[in-house]
K.L.:
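Just passing along the structure, written as structure tokens.
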Amino acid sequence: MEISAVKAFIAIADTGSFSKAAELLFLTQPAVSKRLQLLETSLNTRLFDRIGRTITLTEAGKMLLPRARKILVDIEDSIRAVTNLSTEITGELRFATSHHIGLHRLPNILKGFSHQYPDVRLNISFMDSENACQLVESGELELAVVTLPLSPLPTLKTVLVWDDPLAVTVEKNHPMADRKKITLQQLSQYPAVLPSINTFTRQIVEKAFSAFDLSLNIYLSTNYLETIRMLVSAGIGWSVLPETMLDKNTCKLTVRELNLQRSLGIVYHRERTLSNAAMRFVEALQP
């Protein structure tokens with residue numbers, strides 16, 4: 001059973017798509033299909049049913065998936081454990097981060113780390129925090145620097161690095177801009193531009209509204225905070241952004257019932273032995 005084939009199987013199961021699995025693995029779709037075929041041949045069983053464009057796990061696939069995840073983690077953990085016997089800080093460090101953290105939080109840290117450990121080759125993927133956590137869980141990534149999940153995940157260790165206060169913001173000519181304070185009820189009557197429903201940031205906002213039995217009036221959604229800031233500046237709607245992102249074209253609203261904040265930090269698998277490079281990177285991230 002080849003590790004590359006196991007990785008392909010897990011990626012297809014997680015994404016429900018050969019093309020999306022190929023993107024995650026930085027492979028072509030035919031290469032992913034070939035690796036799955038190799039695994040199915042070696043096991044002499046079909047792992048997925050393909051009906052039209054829908055891909056679902058067979059009973060054999062459902063049974064294999066948790067075992068495949070453990071196999072992958074155990075093998076990579078063993079490799080790192082042996083490598084860590086050396087005190088050298090070398091090799092590839094594969095991690096993911098969100099676009100916002102990569103743009104606003106990591107540049108100076110990456111500069112200092114690369115200067116201190118020039119023999120470490122950084123392999124950085126930029127993606128949504130939720131996807132990054134899934135790839136850390138599946139063993140595809142050694143760690144991620146992301147918005148931390150609202151609820152603890154049993155397989156992931158989280159390390160808080162930054163508190164990230166959030167602000168309700170509008171364009172300066174918005175009808176609410178001149179009000180010193182507004183209520184959540186008033187805010188709910190205006191269209192909002194927010195991250196997609198499956199994101200941790202959106203979950204923070206929805207939880208605050210649901211506590212008062214209020215619904216969000218969503219005008220549109222996008223996961224790029226820089227794009228959301230632009231849309232707010234254009235007067236498309238209100239949004240919730242990190243306070244550090246507010247600029248001269250936006251203003252912060254004081255909402256009586258809201259005090260929103262998210263946590264940014266590191267996630268890695270609880271059963272995974274971090275490489276020497278990853279351990280030094282974690283140290284570099286912490287104050």
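We count residues from 1, following the sequence as given.
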K.L.:
How about CD on Gln37, more than 12 heavy atoms from neighbouring residues, nucleotides or ligands closer than 6.0 Å, or not?
P.N.:
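Not buried by this count: 12 neighbours or fewer within 6.0 Å.
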K.L.:
Assess whether salt bridge (Lys or Arg N to Asp or Glu O under 4.0 Å) is satisfied between Arg35 and Glu2, documenting all intermediate values.
P.N.:
CA-CA 9 Å; Arg35 292 184 182 190; Glu2 293 191 7; over 6 Å; no
K.L.:
If you round to the nearest 0.5 Å, how far is CD1 of Ile12 from CG of Leu24?
P.N.:
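The distance works out to 10.5 Å.
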K.L.:
Work out which heavy atom in Leu25 is nearest to a heavy atom in Ala11; give both atom names and the distance.
P.N.:
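Minimum heavy-atom contact is CD1-CB, 3.9 Å.
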K.L.:
Would you say the side chain of Leu220 lies within less than 4.5 Å of the side chain of Val193, judging by non-hydrogen atoms?
P.N.:
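The answer is yes, as the side chains (C-beta and beyond) meet within the 4.5 Å cut-off.
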K.L.:
Can you tell me if Asn276 uses its side chain to pair, donor with acceptor, with the backbone of Ile89 under 3.5 Å?
P.N.:
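No, Asn276 side chain to Ile89 backbone: no donor-acceptor pair under 3.5 Å.
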K.L.:
Output yes when a side-chain donor or acceptor of Asp128 lies under 3.5 Å from a complementary backbone atom of Glu130, and no otherwise.
P.N.:
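Not confirmed, Asp128 side chain does not pair with Glu130 backbone.
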K.L.:
Would you compute the distance between atom CG of Leu65 and atom CG of Leu57 and round it to the nearest 0.5 angstrom?
P.N.:
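Output value for this atom pair is 6.0 Å.
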K.L.:
Quick one: does Phe200's side chain get under 4.5 Å of Cys133's, heavy atoms only?
P.N.:
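SC-SC contact between Phe200 and Cys133 confirmed.
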K.L.:
So which heavy atom on Thr158 is nearest to which on Pro149, and how close?
P.N.:
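What the structure gives for the nearest pair is CG2-CD, 4.4 Å.
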K.L.:
Mind listing the closest non-hydrogen atom pair of Val146 and Val267 along with its distance?
P.N.:
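For Val146 versus Val267, the nearest heavy atoms are CG2-CG2, 4.1 Å.
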K.L.:
Given the rule in the side-chain contact (heavy atoms from CB on, under 4.5 Å) test, do Ser125 and Phe26 qualify, once you have shown the distances and angles that lead to the verdict?
P.N.:
CA-CA 10 Å; Ser125 299; Phe26 304 101; 3.6 Å; yes
K.L.:
I'd like to know if Ile204 and Leu258 are part of one continuous hydrophobic network [Ile/Leu/Val/Met/Phe/Trp/Tyr, side-chain heavy atoms within less than 4.5 Å].
P.N.:
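Yes: a chain of side-chain contacts under 4.5 Å links Leu258 to Ile204.
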K.L.:
Kindly check if the number of other-residue, nucleotide or ligand heavy atoms within 6.0 Å of OH (Tyr190) is above 12?
P.N.:
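Correct, the count exceeds 12.
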K.L.:
With a 3.5 Å distance limit and no angle check, can you tell me whether Thr97 reaches the backbone of Val145 through a side-chain donor-acceptor pair?
P.N.:
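Yes; at least one donor-acceptor contact below 3.5 Å.
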K.L.:
Starting at CG of Leu187, measure out to CG of Asn217 and round the result to the nearest 0.5 Å.
P.N.:
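Output value for this atom pair is 10.0 Å.
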K.L.:
Are the side chains of Asp164 and Arg105 in contact, using a 4.5 Å heavy-atom criterion?
P.N.:
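The answer is yes, as the side chains (C-beta and beyond) meet within the 4.5 Å cut-off.
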K.L.:
For the residue pair Thr201 and Arg262, confirm or rule out a side-chain donor-acceptor distance under 3.5 Å.
P.N.:
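Checked: Thr201/Arg262 side chains pair up, N/O donor to acceptor below 3.5 Å.
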K.L.:
Can you name the closest pair of heavy atoms from Val282 and Leu143 and give their distance?
P.N.:
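Closest approach of Val282 to Leu143: CG2-CD2, 4.0 Å.
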K.L.:
Looking only at atom types and distance, does a side-chain atom of Ser275 sit under 3.5 Å from a main-chain N or O of Ala278, one as donor and one as acceptor?
P.N.:
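Yes; judged by distance alone, with no hydrogens or angles, the pair exists.
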K.L.:
Would you check if Thr155 and His269 make a side-chain contact, meaning some heavy-atom pair closer than 4.5 Å?
P.N.:
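A side-chain contact exists here, since the closest heavy-atom pair is under 4.5 Å.
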K.L.:
Taking Arg94 for the side chain and Glu92 for the main chain, is one N or O donor matched with an acceptor at less than 3.5 Å?
P.N.:
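Not confirmed, Arg94 side chain does not pair with Glu92 backbone.
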K.L.:
Do Phe113 and Ile101 land in one hydrophobic cluster if side-chain heavy atoms of ILVMFWY residues count as linked below 4.5 Å?
P.N.:
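In one cluster: yes.
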K.L.:
Quick one: CG on Leu285 to CG on Leu106, what's the gap to the nearest 0.5 Å?
P.N.:
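Output value for this atom pair is 6.5 Å.
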K.L.:
How about Tyr224: does its OH atom have over 12 heavy atoms from other parts shown lying under 6.0 Å from it?
P.N.:
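Not more than 12 within 6.0 Å, no.
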K.L.:
Can you say whether the rings of Phe209 and Trp238 are parallel (under 30°), tilted (30 to 60°) or perpendicular (over 60°)?
P.N.:
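Answer is parallel, since the angle falls under 30°.
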K.L.:
Write down the atom of Arg202, the atom of Pro195, and the distance for their closest heavy-atom approach.
P.N.:
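Taking Arg202 first and Pro195 second, the nearest heavy atoms are NH1-O, 2.7 Å.
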K.L.:
Looking at every non-hydrogen atom in both residues, tell me the closest pair between Arg179 and Pro175 and how far apart they are.
P.N.:
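Closest approach of Arg179 to Pro175, heavy atoms only: NE-O, 4.0 Å.
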K.L.:
Same hydrophobic cluster for Ile228 and Met245, using side-chain heavy-atom links shorter than 4.5 Å among ILVMFWY?
P.N.:
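In one cluster with Ile228: Met245, yes.
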K.L.:
Judged by modelled atom types alone, do Ser17 and Thr15 share a side-chain donor-acceptor pair under 3.5 Å?
P.N.:
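No.
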K.L.:
Would you please test Val255 and Gln186 for side-chain contact (heavy atoms from CB on, under 4.5 Å) and show each step?
P.N.:
CA-CA 9 Å; Val255 185; Gln186 292 170 326; over 6 Å; no
K.L.:
With a 4.0 Å cut-off, would you call Glu23 and Lys20 a salt bridge?
P.N.:
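Salt bridge: no.
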K.L.:
Once you round to the nearest 0.5 Å, how far does CG of Leu274 lie from CZ of Arg280?
P.N.:
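CZ of Arg280 is found 11.0 Å from CG of Leu274.
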K.L.:
Should Val205 and Leu231 be counted in the same cluster of Ile, Leu, Val, Met, Phe, Trp and Tyr side chains packed under 4.5 Å apart?
P.N.:
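In one cluster: no.
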K.L.:
Begin with the C-alpha distance, continue with both residues' side-chain angles, and end with the deciding distance and a verdict on side-chain contact (heavy atoms from CB on, under 4.5 Å) for Asp14 and Arg69.
P.N.:
CA-CA 11 Å; Asp14 286 342; Arg69 294 191 196 279; 2.5 Å; yes
K.L.:
Would you check if Glu142 and Phe281 make a side-chain contact, meaning some heavy-atom pair closer than 4.5 Å?
P.N.:
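Glu142 vs Phe281: side chains apart.
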K.L.:
So, are Glu226 and Arg229 salt-bridged, with charged N and O less than 4.0 Å apart?
P.N.:
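No, Glu226 and Arg229 are not salt-bridged.
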K.L.:
Do Leu64 and Leu43 have side-chain heavy atoms sitting under 4.5 Å apart?
P.N.:
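Side chain of Leu64 against side chain of Leu43, heavy atoms only: contact under 4.5 Å found.
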K.L.:
If two hydrophobic side chains count as joined below 4.5 Å and joins carry through other members, does Leu194 share a cluster with Met230?
P.N.:
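They do not share one cluster, since no chain of ILVMFWY contacts under 4.5 Å joins Leu194 to Met230.
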K.L.:
Do Ser114 and Leu122 have side chains that approach each other closer than 4.5 Å (heavy atoms only, starting at C-beta)?
P.N.:
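They are in side-chain contact.
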K.L.:
Start with the C-alpha gap between Phe9 and Leu36, add the side-chain angles, then the distance that decides, and say whether side-chain contact (heavy atoms from CB on, under 4.5 Å) holds.
P.N.:
CA-CA 6 Å; Phe9 165 68; Leu36 177 65; 4.3 Å; yes
K.L.:
Are Phe95 and Ile266 packed together at the side-chain level, in the sense that at least one heavy-atom pair is separated by less than 4.5 angstrom?
P.N.:
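Not in contact.
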K.L.:
Looking at Arg270 and Leu156, would you say the former's side chain and the latter's main chain have a donor-acceptor pair under 3.5 Å?
P.N.:
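Yes; judged by distance alone, with no hydrogens or angles, the pair exists.
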K.L.:
Supply the atom-to-atom distance Gln203 CD to Leu150 CG, rounded to the nearest 0.5 angstrom.
P.N.:
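Separation between the atoms: 5.5 Å.
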K.L.:
Quick check: does any side chain N or O of Thr58 sit under 3.5 Å from a backbone N or O of Leu47, one acting as donor and the other as acceptor?
P.N.:
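Such a contact is found between Thr58 side chain and Leu47 backbone.
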K.L.:
Is a side-chain N or O of Thr169 found less than 3.5 angstrom from the main chain of Cys251, in a donor-acceptor match?
P.N.:
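Side chain of Thr169 to backbone of Cys251: a pair is present.
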K.L.:
Verify, without hydrogens or angle tests, whether Lys172 (side chain) and Lys248 (backbone) share a donor-acceptor contact under 3.5 angstrom.
P.N.:
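Yes, the answer is positive, given that a donor and an acceptor are paired below the 3.5 Å cut-off.
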